[in-house]
Amino acid sequence: MDTTLLNKENLAYQKAAKRVKDIKGFYGNLTSYCLVIPFLLVLNLLTAPDHLWFFWPMLGWGIGIVAHAINVFGIGKEWEEKKIQELMDKEKRSGNQ
């Protein structure tokens, strides 16, 4: 088999493996959020029902979850792919000269 083809397959595998790892990390973060925030709500209501502090960790962590989701699934993935390809092509051209 051609080494170029093997390199492309290896690169594609590594890219797919990284993507799966990123998605798994996001869902782990989301699962933790969904388990911890209700616990904090109950803890807050049992210890200080007149002062609802659980909103602050819920808000902060929620912002982090949204940022994580955008990073994994959202905005800029096409740009990122184009930039990677552009840099790989530039490296290939400079290596051939």
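By convention here, the first residue in the shown sequence is residue 1. Because only heavy atoms are used, hydrogens play no part in the values below, and waters and symmetry mates are left out as well, while side chains stay in.
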*Partner set under salt bridge (charged side-chain N to carboxylate O under 4.0 Å, His left out) for Lys18, not counting sequence neighbours*: Asp22
*Spacing of Asn71 atom CG and Phe26 atom CZ [to the nearest 0.5 Å]*: 10.5 Å
*Could you identify which residues cluster with Trp56, counting Ile, Leu, Val, Met, Phe, Trp and Tyr as linked when any side-chain heavy atoms lie under 4.5 Å apart, either directly or through a chain of such contacts?*
Leu59, Ile63
_Members sharing Met88's hydrophobic cluster (side chains within less than 4.5 Å)_ = Leu11, Ile84
List the atom pairs, with distances to 0.1 Å, where a side-chain N or O of residues 28-37 and a protein N or O form a donor-acceptor pair under 3.5 Å, not counting sequence neighbours.
residue : atom : partner : partner atom : Å
Asn29   : OD1  : Trp61   : NE1          : 2.9
Asn29   : ND2  : His68   : ND1          : 3.2
Thr31   : OG1  : Tyr27   : O            : 2.8
Ser32   : OG   : Gly28   : O            : 3.0
Tyr33   : OH   : Met58   : O            : 3.2

*Under the side chain to side chain donor-acceptor pair (under 3.5 Å) rule, collect the residues that match up with Lys24, sequence neighbours excluded.*
none
*asked:* Count I, L, V, M, F, W, Y as connected when their side-chain heavy atoms are under 4.5 Å apart, and connections chain through other members. Are Ile23 and Ile65 then in the same cluster?
replied: yes
*For Asp89, what residues pass the side chain to side chain contact (heavy atoms under 4.5 Å, CB included) criterion, not counting sequence neighbours?*
Gln85, Arg93
*State which residues pass side chain to side chain donor-acceptor pair (under 3.5 Å) with Gln14; sequence neighbours excluded, sorted by chain then number.*
none
When the side chains of residues 43-51 are checked against the rest of the protein, which donor-acceptor pairs come out under 3.5 Å, sequence neighbours left out?
residue : atom : partner : partner atom : Å
Asn44   : OD1  : Trp53   : N            : 2.9
Asn44   : OD1  : Phe54   : N            : 3.1
Asn44   : ND2  : Ala48   : O            : 3.1
Asn44   : ND2  : His51   : O            : 2.9
Thr47   : OG1  : Leu43   : O            : 2.8

